[in-house]
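Below you'll find the structure, written out as structure tokens, and then a few comments.
Please read all numbers here as calculations on a predicted model, not as lab measurements.
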Number of protein chains: 2
Amino acid sequence: MTLDALPPHQGGAEQLARLLAQALLAGHWQPGDVFPRELDIGKHFAVSRNQVRNALTSLTAAGLLERTAGRGTLVREVGDWHLLDPLMSEWMTGLVNLDPQLVRAIYAFRFSAEPVVAGLAAQAAQTEDIERLESAYAGMKSSAGSVEARAEHAEYDVAFHDATYRASHNLVWRQMGYLLRPSIMALIHRSQHRTDTLDDSLARHRQVLDAIRSHDASAAETAAREVLRRTAIDLGIVS
Amino acid sequence: MTLDALPPHQGGAEQLARLLAQALLAGHWQPGDVFPRELDIGKHFAVSRNQVRNALTSLTAAGLLERTAGRGTLVREVGDWHLLDPLMSEWMTGLVNLDPQLVRAIYAFRFSAEPVVAGLAAQAAQTEDIERLESAYAGMKSSAGSVEARAEHAEYDVAFHDATYRASHNLVWRQMGYLLRPSIMALIHRSQHRTDTLDDSLARHRQVLDAIRSHDASAAETAAREVLRRTAIDLGIVS
DNA sequence: CTTGTGGAAATGTCAGACATTTACTAGACT
DNA sequence: AGTCTAGTAAATGTCTGACATTTCCACAAG
């Protein structure tokens with residue numbers, strides 16, 4: 001694989017990093033492939049070697065690449081990617097054709113984890129957590145009608161789930177909020193968002209909110225599972 | 001806080017990063033404090049500005065620091081730390097006096113997550129997963145007797161739990177194996193490792209192994225909970 | 001067949017100058 | 001007095017060129 005298929009770029013090393021990362025995430029290179037050399041990348045995109053090195057440092061930290069002096073830069077296999085790195089979430093979020101294997105893996109994780117998190121949230125939620133959830137829910141509701149507000153709706157959707165993770169009041173679970181954004185964005189992108197499915201999704205979110213507000217852990221668990229079942233349908237994972 | 005209290009260092013930027021990170025993790029600086037300037041760090045440790053910048057890049061990527069041109073380097077608050085970053089695990093592993101709040105947070109996470117993971121592992125485990133678990137269990141057993149083999153025992157303990165996460169065959173859960181090392185190391189460091197508690201721990205691990213081997217998800221869940229109850233006692237979280 | 005030696009090619013490191021951003025200070029003007 | 005506006009200092013960010021180090025490979029000597 002060469003660099004020729006990649007679009008031009010404009011801006012600093014972060015833009016370059018995003019560009020290269022998304023090419024990797026889209027599978028333009030196979031695991032074990034040698035990645036282009038620093039100087040070639042710099043020449044192709046007309047940036048300094050510094051910028052290239054900064055970008056590659058990010059990709060290496062995210063587990064996408066493996067660099068060794070003398071040998072060059074190799075592409076690591078999917079199992080080694082740091083899916084929980086916030087940078088990864090950012091890169092995945094803007095990607096339209098995310099690898100279906102990844103989408104399914106993230107969904108499977110959420111399906112096993114989020115009920116537990118919702119249960120913890122029901123136990124640990126404070127007033128401010130409830131307020132965050134209510135505010136996000138209200139946003140989802142108000143942006144549910146129009147088609148052009150689907151980006152806004154997605155943001156509120158992300159905010160709702162992130163608020164759930166934060167409400168667990170656990171430092172580790174809280175970190176995983178990052179993972180939600182690409183998952184939900186993929187959801188929004190694939191689903192048609194017909195009015196009935198949106199209403200259904202909204203109702204299920206409300207169940208979660210109510211259960212957490214009344215500190216009912218087991219109700220929160222089952223309600224979270226129901227939300228994710230709806231998600232699975234919209235993602236095309238089950239029918 | 002100044003740099004004077006830190007031990008000297010020897011080696012590349014990674015060593016320096018570890019040193020500074022461990023100082024941060026130990027709470028030598030408060031959130032919001034200004035971190036020493038690049039040139040001062042370089043002067044103090046007699047390294048080039050490049051090394052310092054490389055080290056600080058790692059700390060920034062891990063969410064420990066926030067850097068802005070003109071203002072300087074600030075220490076971020078605990079909630080922003082990327083606890084799931086593998087580098088963080090590496091830094092925490094070698095730290096003797098880990099913040100008890102962190103130890104408890106990681107333990108609470110494991111207590112809520114690991115039963116689920118064990119359940120998934122029971123459903124998804126292949127032959128090679130079982131073999132990994134058995135090999136780790138055998139290592140734990142063989143190194144259980146002697147006191148001087150406690151480091152070796154810890155490695156097998158880590159390997160056992162890591163194998164459990166891997167056996168879930170989920171790309172996201174698999175990433176979390178990193179988090180186990182500092183947790184288990186803290187455990188080893190604090191517990192006296194008397195023979196009876198070791199035997200008890202071993203027996204509970206065996207329950208998990210058996211449940212996964214026989215693909216009994218709910219048995220694996222309860223067995224994992226039992227392992228973690230033993231862990232909680234040894235960590236001094238409950239009595 | 002093995003071993004060693006040299007060179008090519010890649011990433012890693014260094015040093016210095018310069019750019020950019022930020023915060024603060026002093027002064028002019030109203 | 002108060003407020004806006006240069007101007008300056010100080011920090012991180014960037015560029016450039018040279019050099020160091022590691023790795024691989026080819027080729028020749030034993």
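- Distance CG (A:Asp33) to P (C:dA10): 16 Å, rounded to an integer number of Å.
- Between B:Asp40 and B:Lys43 there is no salt bridge, since none of the side-chain N atoms of the basic residue sits less than 4.0 Å from a carboxylate O of the acidic one.
- Going from atom CZ of A:Phe45 over to atom P of D:dT14 covers 18 Å, rounded to whole Å.
- Of the candidates D:dC15, D:dT12, C:dT11, the closest approach to any side-chain atom of B:Ala69 belongs to D:dT12.
- Distance from the side chain of B:Arg67 is smallest for D:dT12 among the nucleotides D:dC15, C:dT13, D:dT12.
- If A:Arg49 and A:Thr68 are placed on DNA chain D by their nearest nucleotide, the residue sitting closer to the 5' end is A:Arg49.
- For B:Glu66 and D:dA11, the CD to C1' distance is 15 Å, given to the nearest whole Å.
- Distances were taken from every side-chain heavy atom of A:Arg37 (C-beta onward) to each of D:dT12, C:dT11, C:dT13; the shortest belongs to C:dT11.
- Listed pair B:Thr73 / D:dT12 meets the phosphate criterion, a side-chain N or O lying under 4.0 Å from OP1 or OP2.
- Ring geometry for A:Tyr178 versus B:His82: interplanar angle over 60°, hence perpendicular rather than tilted (30 to 60°).
- Within 6.0 Å of CG in A:Asn97 there are 12 or fewer heavy atoms belonging to other residues, nucleotides or ligands.
- Surrounding CZ of B:Arg181 are at most 12 heavy atoms belonging to other residues, nucleotides or ligands under 6.0 Å away.
- Between B:Phe160 and B:His205, the ring-plane angle classifies as perpendicular under the 30° and 60° cut-offs.
- Rounded to an integer number of Å, the gap from A:Ile41 CD1 to C:dT11 C1' is 12 Å.
- At C:dT11, none of the side-chain N or O atoms of A:Arg71 fall inside 4.0 Å of OP1 or OP2 (strictly under the cut-off).
- The CG-P distance, from A:Asn50 to D:dG13, rounds to 12 Å in whole Å.
- Following rounding to the nearest Å, B:Leu16 (CG) and C:dC14 (C1') show an atom-to-atom distance of 16 Å.
- Across the protein-nucleic acid pair, A:Arg53 atom CZ and D:dG13 atom P stand 16 Å apart, rounded to whole Å.
- In this entry the distance linking CD of A:Glu38 with P of D:dC15 reads 14 Å, nearest Å.
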